[in-house]
There are 2 protein chains.
Amino acid sequence: MSAVRVVVADDQTVVRDGLVTLLKLLPGIDVVAAASDGEEAVRLVAEHNPDVLLVDLRMPKCDGVEATRRVRADHPGTEVVVLTTYSDDESVLSALRAGARGFLTKDADAESIGRALQAAAAGQSILDAEVQRRLIEGAATPKPADLAGSGLTPREIEVLRLIADGLSNTEIARRLVVSEATVKTHINHLFAKANLRDRAQAVAYAYRLGLA
Amino acid sequence: MSAVRVVVADDQTVVRDGLVTLLKLLPGIDVVAAASDGEEAVRLVAEHNPDVLLVDLRMPKCDGVEATRRVRADHPGTEVVVLTTYSDDESVLSALRAGARGFLTKDADAESIGRALQAAAAGQSILDAEVQRRLIEGAATPKPADLAGSGLTPREIEVLRLIADGLSNTEIARRLVVSEATVKTHINHLFAKANLRDRAQAVAYAYRLGLA
DNA sequence: CCGGATCTCAACCCCAGGGTTGACCCCGCC
DNA sequence: GGCGGGGTCAACCCTGGGGTTGAGATCCGG
């Protein structure tokens, strides 16, 4: 595989030069140009037709989101990886919607950046952990602690969680790779134990337990 | 940097063996064990404490989502990368919510898989392009689920709240002093508007809206 | 080794719940 | 006056969910 050709864009000279230097040390990465604002970035992409554009979000003239949009529109062969100081809610989504493949924060190390560039060139997408967490939203880490007192068996808790996700019995059966009869049995048991009448009450119960 | 220690889990022997062979050829990847079902995967993770678990979604005993949840709960030091044949809507989100770091389809090449494993071990997350696209689309409209923007009439919201309290249709009818037919009408309307299938999903919807 | 708990499954019954259609009233707005 | 939307109701159908019984498999602690 030949080296991934990259254009770097950042308005801060220190950051830009630092990035270029760092990336040049990485095997498989080839920095072909560096831009100091969005317009220049778009121009340089047109000129060099790189595999990836590594671009800062906050830039004068034309910001990262706008640059991303233009590049994706005019040069579908060039993937975009966004680099930013803050994993700020607003711009993140805008950039991703504009077609960015990857999203990194500036505390990423050289290897991480390199990996992201390689991945982008291959059509994969790498996200900063924090960004992915936000993207997935309901990252509410479950608390296996207090539901111990419910008297439910592990299997019953699993079933309850799936009920709370709005799945039907057949869907639950498929998910757990058991027969529907088994699912019904578990459900009847947990209804009896928790004094529930139907799955609607079960969903409410699950939410109160913090299962969803 | 030392090699990334990986446990592979897939119920299909061919796939599993193929993966192990492929991965062993990659520099920086160390396959320490291979499991043929979810339970075995969880057990092997406990035993070897690897950096990453590469797991298939569809497996007997305990599927990929379940395995992911358990591993993330019991072994926070082990990241999970999911591998699947089809980028099916449902399971993808479940897996990611369960704590998966990466998501690949089986048409990924060895290098892509290797990159994903490296990234996961470093706390980054790699997603299959298609999966990311879906994720972004989904996040694009995160909250049409606002009381005001839900398009529900006051009466429908009232009914929804009572459903979330676990009341049956006849109980709701008595409470609102209307006939059961009326209640069913309201329910059908709100199901259509909020794209719900049954009252169980309605309860979950109500909780997410903050109605209970 | 036996009893209890858990998980698994099958067959059956019954009805609440969900889908559909069509109807009437009342109110606000054009 | 006419039109639309919200609220009210009835009749129908039929699937899925909930209840029951009964039974085999496994595992574990006494």
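Because the structure is predicted, anything quoted here is derived from the model rather than measured. First the proteins, then the strands, lettered A, B, ... as listed; each starts at 1.
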Without swapping roles, check the side chain of [X] against the backbone of [Y] for a donor-acceptor pair under 3.5 Å.
X	Y	value
B/T68	B/G99	no
A/D198	A/Q201	yes
B/R72	B/G77	no
B/D10	B/Q12	yes
A/R199	A/L167	yes

All N/O contacts under 3.5 Å from nucleotides 16-19 of chain C to the protein, with atom names and distances to one decimal?
unit_1 : atom_1 : unit_2 : atom_2 : d
C/dG18 : OP1    : B/R199 : N      : 2.8
C/dG18 : OP2    : B/R199 : NH1    : 2.9
C/dG18 : N7     : B/K184 : NZ     : 3.2
C/dG18 : O6     : B/K184 : NZ     : 2.4
C/dG19 : OP2    : B/N188 : OD1    : 2.6

In this structure, how many angstroms lie between the [atom2] atom of [N] and the [atom1] atom of [X], rounded?
X	N	atom1	atom2	answer
B/E39	D/dC27	CD	C1'	12 Å
B/R174	D/dC9	CZ	C1'	18 Å
A/E158	C/dT8	CD	C1'	14 Å

Gap separating the CG atom of B/L53 from the NE2 atom of B/H48, nearest 0.5 angstrom: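 It comes to 12.5 Å.
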Interatomic spacing from CD in B/Q118 to CZ in A/R115 - rounded to 0.5 Å: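 CZ of A/R115 is found 6.0 Å from CD of B/Q118.
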Heavy-atom pair of closest approach, residues A/A95 and A/L57: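 Scanning both residues completely, I find the closest heavy atoms to be CB-CD2, 4.3 Å.
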Using nucleotides 5-7 of chain C, report all nitrogen or oxygen pairs with the protein that are shorter than 3.5 Å.
unit_1 : atom_1 : unit_2 : atom_2 : d
C/dC7  : OP1    : A/R155 : N      : 3.3
C/dC7  : OP2    : A/T153 : OG1    : 2.5

